[in-house]
Protein chains: 2
Amino acid sequence: MTIDTSKVSIKTSLASCFGRNFQELEGANSFLEELSKHAQEIHINENCYIFKEKDPSDYIYIPISGVIMLERSTSKGSRHVFAFLFTGNLLGLSEFSFYTFSARALSNGTIVKINKQLIQSIFERYPAIAKRFHEFTNHVLNYILDQLFIMGQKSAHQRLAHFLLDMSNRIGHGTNKFYLPMSRQDIADYLGMSLETASRGFSSLKKKGMISIQNNYRITILDEAALHRFADD
Amino acid sequence: MTIDTSKVSIKTSLASCFGRNFQELEGANSFLEELSKHAQEIHINENCYIFKEKDPSDYIYIPISGVIMLERSTSKGSRHVFAFLFTGNLLGLSEFSFYTFSARALSNGTIVKINKQLIQSIFERYPAIAKRFHEFTNHVLNYILDQLFIMGQKSAHQRLAHFLLDMSNRIGHGTNKFYLPMSRQDIADYLGMSLETASRGFSSLKKKGMISIQNNYRITILDEAALHRFADD
DNA sequence: CGAGCCCTTGATGCATTTCAACGAATGTGG
DNA sequence: CCACATTCGTTGAAATGCATCAAGGGCTCG
């Protein structure tokens, strides 16, 4: 039930949420201590929901390993994917009392589950940590603004190029070869296009020599500069 | 240079940023006092920029009257409009050191300009106010997520319907007749479509009997339920 | 009255969706 | 181990939504 905050994986995840020199913050140690007492480390299986839209939002989650997808369904059939989350992201920022989207695991993995009241009480006692948290929220906000910009201004294939560059940064940490943890349908629902258009996008970028596709999920960016130019037009 | 925090217009603007019972918060009075000493009330003219993309983000702005548009330009010609802001909104939340978009006045108006360091120091002394501020950020985040959803999932005319319902709430405060302060081009750039498509959208909604158009900027929603149904599909 | 601006409308072409068929990979049971 | 079903991705063809190009209408202001 409780977690081991001395684990490297957990420490690095927390550090990438709360910033590089997290350990030096006032209250960081008390925070870790309280986490080790009250937070839970839970394992999640592929395709299981961590929470669903309209569930009461009582917890905040920090992915330690595995990939998480945030989604919302429309009245009739279709689905929107808001984000893909990896280690170092954070989940459940909302201060509403209900989640406004669902969170589903794309792969088996581990997440740390923290009661919101615990977080709230930490924030009240250690403003430095609260500040970091809110800086994180701000980064999310800016990230979503960029996404909004891309959705409003770019063509389908350009959006796909942006997506691949983003994934290269976040999954491959800058390396050009990486494994996509999501299906074509997931990508399409994230970028607001049909599955077929997403697939054609992959083919088109491949034909242009910007990427190569080892198999459906394993991608290499061959010409990053050209991909950037194409994406930004 | 300084502002008069006893002015009703300023009080109501602050209240709608920081929440209903703002005055009862711990530190609210000190906050107001510091504002009256150090914040500035400035008048802005139609079409003037309050700040531009890449300007150092040293201030936070609270619109008292008038309408503000947030925009960003692409490398070549086109433009994205992120938001339209009214009284009770807040501008410059970013904790980056530079703005990532420009802010332009759509009409003559008044805004309160607050140094970020002042805000920061208030937050450090009065966590209750900081908390309110961050709740506000959270509302913005949720608002943008909804916008992202709409941009990704809805057709051009549906997006326009959403837009009109949103404006009805925010400008007309729920009344069905209101004055649009922005041009068709602004709307198009906000909703990610061409000026012509936006215009056709207006015509189409009018032909369907959902809205009526007194003149270019004065709109009446005739059948709100139908408009909702159409928007949400 | 005429100029200029913004909005509307029509015609055409392109981007994207939809429908449909096929191919590749994976797993299952005989 | 192979036939078969299933799932997921690709590709083609037709239909549709939207952008673009182009012309005209209405309003405001000099």
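Keep in mind that this is a model prediction, so the values were computed, not measured. Per chain, numbering begins at 1; letters A, B, ... match sequence-line order.
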Mark yes or no for whether [X], through its side chain, and [Y], through its backbone, hold a donor-acceptor pair below 3.5 Å.
X         : Y         : result
Asn142(B) : Asn138(B) : yes
Ser16(B)  : Thr12(B)  : yes
Thr110(B) : Ile42(B)  : no

Hey, would you say the His134(A) and Phe136(A) ring centroids sit under 6.0 Å apart?
-> no
Output the distance between atom OG (Ser155(B)) and atom CZ (Phe230(B)), rounded to the nearest 0.5 Å.
-> 5.5 Å
Output every pair passing ring pair (Phe, Tyr, Trp, His ring centres under 6.0 Å) with a member in residues 180-217 of chain A, not counting sequence neighbours, ordered by first then second residue.
->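 Counting only pairs at least two positions apart or across chains, the ring pair (Phe, Tyr, Trp, His ring centres under 6.0 Å) contacts touching residues 180-217 of chain A are Phe84(A)-Tyr190(A), Phe163(A)-Tyr190(A).
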Return each pair, listed once, that meets ring pair (Phe, Tyr, Trp, His ring centres under 6.0 Å) where at least one residue sits in residues 55-79 of chain A; pairs must be two or more places apart or across chains.
->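 Output for this query lists Phe51(A)-Tyr61(A).
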Please list each protein N or O that sits under 3.5 Å from an N or O in nucleotides 3-11 of chain C, with the distance.
{"from": "dC6(C)", "atom 1": "O3'", "to": "Tyr217(B)", "atom 2": "OH", "distance (Å)": "3.4"}
{"from": "dC7(C)", "atom 1": "OP1", "to": "Arg184(B)", "atom 2": "N", "distance (Å)": "3.1"}
{"from": "dC7(C)", "atom 1": "OP1", "to": "Tyr217(B)", "atom 2": "OH", "distance (Å)": "3.1"}
{"from": "dC7(C)", "atom 1": "O3'", "to": "Asn216(B)", "atom 2": "OD1", "distance (Å)": "3.3"}
{"from": "dT8(C)", "atom 1": "OP1", "to": "Arg184(B)", "atom 2": "NH2", "distance (Å)": "3.3"}
{"from": "dT8(C)", "atom 1": "OP2", "to": "Arg184(B)", "atom 2": "NE", "distance (Å)": "2.9"}
{"from": "dT8(C)", "atom 1": "OP2", "to": "Ser199(B)", "atom 2": "OG", "distance (Å)": "2.6"}
{"from": "dT8(C)", "atom 1": "O5'", "to": "Ser199(B)", "atom 2": "OG", "distance (Å)": "3.1"}
{"from": "dT9(C)", "atom 1": "OP2", "to": "Ser203(B)", "atom 2": "OG", "distance (Å)": "2.4"}
{"from": "dG10(C)", "atom 1": "N7", "to": "Arg200(B)", "atom 2": "NH1", "distance (Å)": "3.0"}
{"from": "dG10(C)", "atom 1": "O6", "to": "Arg200(B)", "atom 2": "NH2", "distance (Å)": "3.0"}
{"from": "dA11(C)", "atom 1": "N6", "to": "Arg200(B)", "atom 2": "NH2", "distance (Å)": "3.2"}

First and last nucleotide of DNA chain D, 5' to 3', lying under 4.0 Å from heavy atoms of chain A | dC8(D) to dA13(D)
Hey, can you pull the residues of residues 145-166 of chain A with a non-hydrogen atom under 4.0 angstrom from DNA chain C?
->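 Hits under 4.0 Å, by residue number: Ser155(A), Ala156(A).
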Partner set under side-chain contact (heavy atoms from CB on, under 4.5 Å) for His228(B), not counting sequence neighbours =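 Testing His228(B) for side-chain contact (heavy atoms from CB on, under 4.5 Å), a comparison that skips the adjacent residues, returns Leu165(B), Glu224(B), Asp232(B).
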Would Arg218(B) count as a cation-pi partner of Phe178(B), with NZ or CZ less than 6.0 Å from the six-membered ring centre and within 45° of the ring normal?
-> no
With no hydrogens and no angle check, do the side chains of Thr100(B) and Glu53(B) hold a donor and an acceptor under 3.5 Å apart?
->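 Their side chains do not contain a donor-acceptor pair, so the 3.5 Å distance test is not met.
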